[in-house]
Amino acid sequence: CCCCLAFQPPSTGVHKHGLLRPSSSASSSAAGSRRRQTGGLRMAISRPDPGKIMTLTRYMLEQTRLYPEYQDFESLMGSIQLACKSIAMLVGSAGITGLVGAAGAVNVQGEDQKKLDVLSNDILKGALQYTGRCGVVASEEEPHPVLVEEAYMSKFVTVFDPLDGSSNVDAGIATGTIFGVFKEQEECMLPEQLDGDLMANQCLGNTLQPGDNLVAAGYCMYSSSVHMVITFGHGVQGFTLDPEIGEFVLTHPNMTLPRRGKIYSMNEGNSPDWPEGLRQYVDDVKQGKGAAGHKYSARYIGSMVGDVHRTLMYGGVFGYPADKKNKNGKLRLLYEAAPMSFIVEQAGGKASTGYERIMDLHPKSVHDRTPIFLGSYDDVEEIEQYMAKHKEEIAPHLVAKEEQVPVAK
Ligand SMILES: O=P(O)(O)OC[C@H]1O[C@](O)(COP(=O)(O)O)[C@@H](O)[C@@H]1O
């Protein structure tokens, strides 16, 4: 490359960007000003050999050779990545194309829908319908699960949050798409106390499955770079969208979480309403009085995808607890908490309500909410220990369950 002092051809198909090398040549004067900006270092940018890079499409082909059951995922992932590329383009140019702001409608959660919420939802629905493999889709932006007519070989139920963190999108802050894939079940896994409507429709009821039934999950983060992180139950792979070739390239193979981190990520503005145990945990780790013995720093973007991605990369814990205001927390079990918990567990981390494993929870309705803490295993475990000391305060239903005594209404 014209400015590169050295070129390192990728051997594994995984590309390492940005060799740094001090420059001593005459051009340093021109670089001089850059020197001031870059501290005298010249950045070498080397592009991968297109014949050798591992794109998401190639990765799916290769996985299908290794695991024949992946065959069905290929078209699904093909459509999901196309949808995410389209959404990335729309989000990235929203300020220019006038796609910022509200759509003038309210979704089933009572939230004002952004134009990009509605568009992303339509793009994903359209893309999944195209696969012919997806019989039912459920979305944050749809009141009920949607039956997909064109599913001639329907095998899957796909649940998604088309544009998570959309309250941040107009400010250009990280947002993302979260998705989870379940196999269609012969028998509806509906808890008997559901109302007649849903009971009447077996296949729609197929949507209400516990996280443990997920066969695939992922998110696509729209930020300074676009990242797609996925799992099929064999570890976690991270891809970066290369805008030059329009392909997701494998840049973070086999992502794993450290046992402990140095970051906690929660909306501390809600801390007055938090359970005592959690307040104590945050106070202690801030001062380095937690089990790790080192001080933790706070980071909070306010977009689950952004906060979870950083947690996956650097370790630590992200959480949205239940509190006196939000008895069940804010985040939705089916298309936010469960898919993210599958990814985190596959990366060696832990995901919990503070008392129970997220992946064990059976949703009773599509938009059920749940408290959630996820991230480095020992950090989440430590929060559970702090919360256990004050279980009666926030989770009387759990105490009751253990003591088999009815909860006073
Ligand atoms: O502003 P708060 O209360 O901290 O909530 C932030 C959380 O809400 C969300 O924005 C909810 O997601 P949606 O934008 O998909 O409704 C999460 O991404 C984020 O973690």
Side-chain angles (χ1 to χ4, degrees), residues 84 87 90-91 94 99-103 105-125 137-143 159-180 217-223 227 229 263-274 278 282 298-312 316-341 343-344 351 353-354 358 366-375:
C84 289
I87 297 170
L90 291 172
V91 167
L99 280 178
V100 289
V106 174
N107 69 13
V108 66
Q109 342 260 339
E111 297 160 345
D112 289 327
Q113 285 183 311
K114 297 274 184 184
K115 290 176 189 164
L116 285 164
D117 279 325
V118 177
L119 263 177
S120 310
N121 189 50
D122 292 344
I123 289 171
L124 263 163
K125 270 198 310 182
V137 297
S139 160
E140 179 184 327
E141 303 304 335
E142 300 282 344
V159 298
F160 55 85
D161 180 351
L163 196 61
D164 172 68
S166 58
S167 55
N168 286 319
V169 76
D170 295 355
I173 292 167
T175 54
T177 296
I178 308 172
F179 64 90
Y219 62 80
C220 188
M221 181 180 74
Y222 313 115
S223 183
H227 290 261
V229 172
I263 295 173
Y264 69 90
S265 177
M266 296 164 214
N267 183 344
E268 264 188 280
N270 298 333
S271 62
D273 296 321
W274 281 354
L278 183 61
V282 170
R299 291 281 183 281
Y300 191 71
I301 298 168
S303 286
M304 184 186 194
V305 170
D307 285 315
V308 171
H309 186 68
R310 187 206 50 253
T311 303
L312 204 58
V317 60
F318 162 77
Y320 206 107
D323 60 33
K324 295 191 183 88
K325 258 186 330 187
N326 312 299
K327 282 274 177 270
N328 286 315
K330 177 182 181 180
L331 301 175
R332 280 48 58 120
L333 172 59
L334 195 60
Y335 45 77
E336 289 177 319
M340 289 303 207
S341 300
I343 294 166
V344 162
T353 63
I358 297 279
V366 173
H367 304 291
D368 271 5
R369 297 174 192 264
T370 180
I372 183 165
F373 299 96
L374 56 75

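Counting starts at 1 for both ligands and their atoms, in listed order.
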Stepwise side chain to side chain contact (heavy atoms under 4.5 Å, CB included) test for I358 and T353
CA-CA 6 Å; I358 297 279; T353 63; 3.9 Å; yes
Check ligand 1 against N267 and write out every atom of the ligand that is under 4.0 Å from a heavy-atom position of the residue.
2 (P), 3 (O), 4 (O)
Selection from P162, G165, A174 by shortest heavy-atom distance to atom 13 (P) of ligand 1
G165
I need the atoms of ligand 1 closer than 4.0 Å to a non-hydrogen atom of S303, numbered in the order shown.
18 (O), 20 (O)
Part of E336 within contact of ligand 1 (heavy atoms, under 4.0 Å)
side chain
Nearest non-hydrogen protein atom to atom 4 (O) of ligand 1, with distance, is Y300 OH, 2.6 Å
Element-labelled atoms of ligand 1 that are located less than 4.0 Å from some non-hydrogen atom of S166:
14 (O)
Do Y335 and S139 touch side chain to side chain, with heavy atoms closer than 4.5 Å?
no
Please state which protein non-hydrogen atom is closest to atom 12 (O) of ligand 1 and give its distance, to 0.1 Å?
D164 OD1, 3.1 Å
Counting from 1 in the order shown, the ligand 1 atoms closer than 4.0 Å to a non-hydrogen atom of E140 are 13 (P), 15 (O), 16 (O)
Passing option when Y320 is tested against N326, T370, L374 for side-chain contact (heavy atoms from CB on, under 4.5 Å):
N326
Note, S341 side chain near I372 side chain (heavy atom, < 4.5 Å):
yes
The closest protein heavy-atom partner of atom 1 (O) of ligand 1 is K330 NZ, 3.8 Å
Starting from atom 3 (O) of ligand 1, find the nearest protein heavy-atom neighbour and note its residue, name and distance.
Y320 OH, 2.7 Å
Numbering as shown, the atoms of ligand 1 that approach E111 to under 4.0 Å (heavy-atom distance)
16 (O)
What residue and atom, counting heavy atoms only, is the protein's closest point to atom 19 (C) of ligand 1, and at what distance?
G302 O, 3.4 Å
Can you tell me the protein heavy atom closest to atom 20 (O) of ligand 1 and the distance?
M304 N, 3.2 Å
With a 4.5 Å limit on heavy-atom distance, are the side chains of Y222 and L163 in contact?
yes
Please work out, at 4.0 Å between heavy atoms, whether the side chain, the backbone, both, or neither of D161 comes within that distance of ligand 1.
side chain
Flag side-chain contact, heavy atom, 4.5 Å: V308 against I343
no
Answer with yes or no whether R332 contacts ligand 1, where contact means a heavy atom under 4.0 Å from a ligand atom.
yes
Where's the contact between E268 and ligand 1, heavy-atom distance under 4.0 Å: side chain, backbone, both or neither?
neither
Do the side-chain N and O atoms of H227 and Y219 include a donor-acceptor pair separated by under 3.5 angstrom?
no
Measuring only between side-chain heavy atoms, which start at C-beta, is E141 closer than 4.5 Å to P162?
yes
Check whether any side-chain heavy atom of L99 sits under 4.5 Å from a side-chain heavy atom of K114, and report yes or no.
no
Angle class for the F318/Y300 ring planes (parallel below 30°, perpendicular above 60°, tilted otherwise)?
parallel
